[in-house]
Amino acid sequence: MCGSKKVKKYFTTPVDILEEIAYNIDVKGGVKMKFDDLFEQRSLVARKLKDCIRERGYTKVSFAKKADISRPTLDKLLNGSIENKSTFDKHLQKVLSVLNLSVDELIFFDPAPKSVDVVYSQNAPSDYQMSEKAKKQYGLLMDILDLCEIYY
């Protein structure tokens with residue numbers, strides 16, 4: 001006689017997981033996301049963690065130190081590239097503990113919209129044009145700021 005076998009559902013995209021969560025809320029009356037399910041959703045977890053860490057004002061270095069994990073390990077967690085489930089679970093538990101988040105709070109985390117204050121000078125002549133050298137330097141500065149945003 002064959003015993004009943006539980007079929008594990010694998011999600012292929014973040015949309016799949018969100019649809020499953022929405023189904024659990026609507027039909028089953030609550031979120032059924034478990035810590036063990038997060039490994040299969042590493043890319044979604046990575047995106048949510050990046051947003052949460054950034055919104056709380058941490059740099060990768062400061063957060064890795066606070067969570068007592070190495071910076072390269074944090075990078076792998078934030079890229080969704082940890083392939084070993086026990087390693088992923090161990091480090092994610094540390095991260096969630098530091099952030100004081102539950103699994104559901106992480107999955108439903110939605111960062112506050114960024115407000116950007118624009119400061120500019122009214123003193124420039126109306127027909128002012130940046131020199132080619134200034135445009136190049138400005139472009140380089142913007143590239144540096146983009147890199148800083150990615151790494152910190």
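Closest heavy-atom contact between Gly80 and Ala46: N-CB, 3.7 Å. The minimum heavy-atom distance linking Leu101 with Cys52 is given by the pair CD1-SG, 3.5 Å. Across every non-hydrogen atom of Val98 and Phe63, the tightest pair is CG1-CE1, 3.5 Å.
Ser81 is linked by a side-chain hydrogen bond (donor to acceptor under 3.5 Å, both in side chains) to nothing, counting only residues two or more places apart in sequence or in another chain.
Using a 4.5 Å heavy-atom cutoff, the side chains of Phe109 and Leu49 are not in contact. No side-chain heavy atom of Lys65 sits under 4.5 Å from any side-chain heavy atom of Val61. For the pair Ile107 and Gln41, the minimum side-chain heavy-atom distance is 4.5 Å or more. Residues Lys66 and Val95 form no side-chain contact, since every pair of their non-hydrogen atoms from C-beta on lies 4.5 Å or further apart.
A donor-acceptor contact shorter than 3.5 Å is absent between the side chain of Lys60 and the backbone of Asp75. Of the possible polar contacts, one joining the Arg42 side chain to the Phe39 backbone as a donor-acceptor pair under 3.5 Å is found. In this structure, Arg71 contributes its side chain and Ala64 its backbone to no donor-acceptor pair below 3.5 Å.
Counting non-hydrogen atoms of other residues, nucleotides and ligands closer than 6.0 Å to CG of Asn84 gives a total above 12.
Cluster annotation: Ile144 is not connected to Tyr138 through the hydrophobic network of ILVMFWY side chains, with a link wherever side-chain heavy atoms come within less than 4.5 Å.
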**Report entry** Steps toward side-chain contact (heavy atoms from CB on, under 4.5 Å) verdict (Asn79, Lys50)
**Finding:** CA-CA 9 Å; Asn79 291 329; Lys50 280 182 208 173; 4.2 Å; yes
**Report entry** From CA spacing to verdict: side-chain contact (heavy atoms from CB on, under 4.5 Å), Leu78, Ile53
**Finding:** CA-CA 10 Å; Leu78 297 178; Ile53 290 169; 4.1 Å; yes
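The side-chain contact (heavy atoms from CB on, under 4.5 Å) test with Lys76 singles out one residue from Thr87, Ile69, Ile82, and that residue is Ile82.
Rounding to the nearest 0.5 angstrom, the gap separating the CG atom in Leu74 from the OH atom in Tyr58 is 12.0 Å. Expressed to the nearest 0.5 Å, how far OG1 of Thr73 lies from NZ of Lys90 amounts to 8.0 Å. In this structure, OG on Ser43 lies 11.5 Å from NZ on Lys48, to the nearest 0.5 angstrom.
Between Asp51 and Arg47 no salt bridge is recorded (no basic side-chain N to carboxylate O distance below 4.0 Å).
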